[in-house]
Amino acid sequence: MRNRGVLYALIAATLFGVSTPMAKALLRDASPQLLAGLLYLGSGIGLSIGVAIRRSRPNAAEAPLSRGDAPWLASAIFFGGVIGPVLLMLGLMRTPAASASLLLNLEGVFTALLAWIAFHENVDKRVAIGMFSIIAGGLALSWEGRAAFAGSAGPLAIAGACLCWGIDNNLTQKVSAGDPVQVAMLKGLAAGVVNTSLATALGARWPGLPTLSGALLLGFVSYGVSLALFVLALRYLGTARTGAYFSIAPFVGAAVAIIGFGERPTLWFAIGAACMAFGVWLHLTERHEHEHVHEPMEHAHAHVHDEHHQHAHSPDDPPGEPHTHWHRHERLVHSHPHYPDLHHRHGHDHGHEHRHDA
């Protein structure tokens with residue numbers, strides 16, 4: 001499951017990273033704020049079609065969102081889909097583009113710090129070094145020789161937007177047991193409505209049909225599918241590790257711009273790539289293992305009958321695997337390699353063993 005989570009996170013980062021050079025081409029006919037809204041709307045609309053199709057099929061593998069998920073998801077949408085875009089818009093109006101690109105790397109920092117400090121995810125030196133190595137790579141990729149800040153209001157607003165997205169990522173982890181497509185759909189629709197409304201209120205002109213359809217399609221793939229995979233990665237890896245893998249998206253965007261759009265590679269691109277490769281390697285070779293306790297709990301999510309899912313079934317439970325139904329976990333004490341996924345959110349002490357494969 002850990003390897004699957006890593007794969008989901010890397011694919012999500014790749015899809016999102018590809019959007020950067022492609023969206024740049026669409027900016028000729030749409031303002032940045034309106035384009036952001038159209039990308040999010042394409043995400044929400046495309047995924048809503050997917051949700052409708054899946055609901056028509058019996059024995060869906062994913063659990064629908066529950067009433068208990070509503071506060072977490074509503075808060076995530078508020079911070080990530082409403083407050084974040086507004087602060088970003090205010091910040092971009094007062095901050096040069098190069099400096100804004102550097103500041104946007106703070107999202108990964110805030111995501112990890114909140115996961116470690118506020119949500120008590122496990123971290124050791126290897127994971128922390130890997131995280132900040134990836135972020136250093138992002139800084140290198142976005143460096144344009146200088147950083148200019150005309151006052152503090154703009155940078156503080158962009159930093160505030162990154163903090164909102166860090167909160168969003170950590171709150172989304174709380175609902176990652178639910179249907180990731182449904183989660184991504186709701187977040188896309190909310191952010192799309194907010195951003196397009198802001199752009200329209202500021203006088204943005206809507207683009208022609210080719211640009212409009214291109215933005216919606218790109219949004220569905222690079223925002224919608226990417227976000228659904230990101231939610232799945234949160235389920236299997238936890239927030240900080242997922243955020244670290246996702247932070248390679250700027251490298252993907254830069255690589256696509258070089259290969260597909262003829263941009264020239266720079267020394268900073270090579271430095272950024274090396275930092276990111278080192279950070280990803282540290283994460284991929286992490287092995288966290290110690291004896292731990294699973295306290296009794298009840299929930300519903302897609303699962304197979306592995307060591308953590310040994311429970312009885314009723315006649316109404318769906319057949320086949322993976323499947324979804326409400327189930328109970330009894331108290332279990334054992335030792336095996338694990339990561340802060342849905343079932344491993346326990347505390348740690350200094351006596352725990354941390355192995356790292358070379």
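Fair warning: this is a prediction, and the values are worked out from it, not measured in the lab.
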Heavy-atom pair of closest approach, residues Ala233 and Gly5: CB-O, 3.6 Å
Close side-chain approach of Val280 and Tyr245, heavy atoms under 4.5 Å: yes
Kindly work out whether a path of hydrophobic side-chain contacts (I/L/V/M/F/W/Y, heavy atoms less than 4.5 Å apart) joins Leu27 to Leu198. yes
What's the shortest heavy-atom distance between Leu26 and Leu218, and which atoms? CD1-CD2, 4.1 Å
Short side-chain to backbone donor-acceptor contact, Ser213 and Pro210, under 3.5 Å: yes
Not counting sequence neighbours, list each pair that qualifies as a ring pair (Phe, Tyr, Trp, His ring centres under 6.0 Å) and has a residue in residues 8-35. Phe16-Tyr223, Phe16-Phe246
Taking Trp116 for its side chain and Glu121 for its backbone only, find out whether a donor-acceptor pair lies under 3.5 Å. no
Joint hydrophobic cluster, Leu189 plus Val82, side-chain heavy atoms closer than 4.5 Å: yes
Can you hop from Leu7 to Leu232 via hydrophobic side chains spaced under 4.5 Å? yes
Please say yes or no: joined through hydrophobic side-chain contacts below 4.5 Å, possibly via intermediate residues, are Tyr40 and Leu202 part of one cluster? yes
Under the side-chain hydrogen bond (donor to acceptor under 3.5 Å, both in side chains) rule, collect the residues that match up with Glu298, sequence neighbours excluded. Trp326, Arg328
Do Arg205 and Asp29 have side chains that approach each other closer than 4.5 Å (heavy atoms only, starting at C-beta)? no
Side-chain donor/acceptor of Arg235 to backbone N/O of Pro180, under 3.5 Å: no
Would you indicate whether the side-chain heavy atoms of Cys164 and Ile167 approach each other to under 4.5 Å? no
Roughly how far, to the nearest 0.5 Å, is the CG atom of Leu34 from the CG atom of Leu38? 4.5 Å
Working to the nearest 0.5 angstrom, can you tell me the gap between Phe79 CZ and Leu163 CG? 8.0 Å
Shortest non-hydrogen separation from Ala30 to Leu35 and the atoms involved: CB-CB, 4.4 Å
Could you tell me which non-hydrogen atom of Gly84 sits nearest to which non-hydrogen atom of Ala161, and how far apart they are? O-CB, 3.4 Å
Does the side chain of Arg241 come within less than 4.5 Å of Glu286's, by heavy atoms? yes
Pair Val109, Asn105 - check side chain to side chain contact (heavy atoms under 4.5 Å, CB included), show working. CA-CA 7 Å; Val109 177; Asn105 289 282; over 6 Å; no
Please identify each residue that fulfils side-chain hydrogen bond (donor to acceptor under 3.5 Å, both in side chains) with Ser66, with sequence neighbours left out. Asp69
Keeping the roles fixed (side chain from His283, backbone from Val127), state whether a donor-acceptor pair exists under 3.5 Å. yes
Val183 side chain reached by Phe230 side chain, heavy atoms, under 4.5 Å: no
Does Thr111 use its side chain to pair, donor to acceptor, with the backbone of Gly243 at less than 3.5 Å? no
Any Phe220 side-chain heavy atom under 4.5 Å of Ile49 side chain: no
For Thr196 and Val193, which heavy atoms make the closest approach, and how far apart are they? OG1-O, 3.2 Å
Measure the OG1-CD distance between Thr200 and Gln33 for me, rounded to the nearest 0.5 Å. 10.0 Å
Using the side-chain hydrogen bond (donor to acceptor under 3.5 Å, both in side chains) rule, collect all pairs that involve residues 177-191, keeping only residues at least two apart or in two chains. Arg54-Asp179, Asp168-Lys187, Thr172-Lys187
Minimum-distance pair of heavy atoms, taken over all atoms of Leu39 and Ala23: CD1-CB, 4.5 Å
Is Leu156 reachable from Val86 through a run of I, L, V, M, F, W or Y residues, each pair having side-chain heavy atoms under 4.5 Å apart? no
Applying side chain to side chain contact (heavy atoms under 4.5 Å, CB included) to Met131 and Leu282, what does each step give before you reach the verdict? CA-CA 9 Å; Met131 175 74 217; Leu282 287 175; over 6 Å; no
How far does CD1 of Ile135 sit from OG of Ser247, to the nearest 0.5 angstrom? 5.5 Å
Applying side chain to side chain contact (heavy atoms under 4.5 Å, CB included) to Leu216 and not counting sequence neighbours gives Leu41, Leu212
Side chains of Leu267 and Ile271: does their closest heavy-atom pair fall under 4.5 Å? yes
Can you tell me how far CH2 of Trp268 sits from CG of Leu139, rounded to the nearest 0.5 angstrom? 10.0 Å
Begin with the C-alpha distance, continue with both residues' side-chain angles, and end with the deciding distance and a verdict on side chain to side chain contact (heavy atoms under 4.5 Å, CB included) for Ser197 and Val194. CA-CA 5 Å; Ser197 298; Val194 169; 6.0 Å; no
Please answer whether the main-chain N or O of Gly130 pairs with a side-chain N or O of Ser133 as donor and acceptor at a distance below 3.5 Å. no
Donor-acceptor list for residues 248-258 side chains, cut-off 3.5 Å, not counting sequence neighbours:
none

Which is it for Arg126 and Thr285 under the side chain to side chain donor-acceptor pair (under 3.5 Å) test, yes or no, and what are the steps along the way? CA-CA 9 Å; Arg126 186 185 189 88; Thr285 54; 2.4 Å; yes
Start with the C-alpha distance between Leu65 and Leu186, add both sets of side-chain angles, then the distance that settles side chain to side chain contact (heavy atoms under 4.5 Å, CB included), and finish with yes or no. CA-CA 11 Å; Leu65 293 171; Leu186 293 172; 3.9 Å; yes
Could you state the interatomic distance from CG (Asn169) to OG1 (Thr242), rounded to the nearest 0.5 Å? 9.0 Å
Are side-chain heavy atoms of Lys174 and Phe119 found at a separation under 4.5 Å? yes
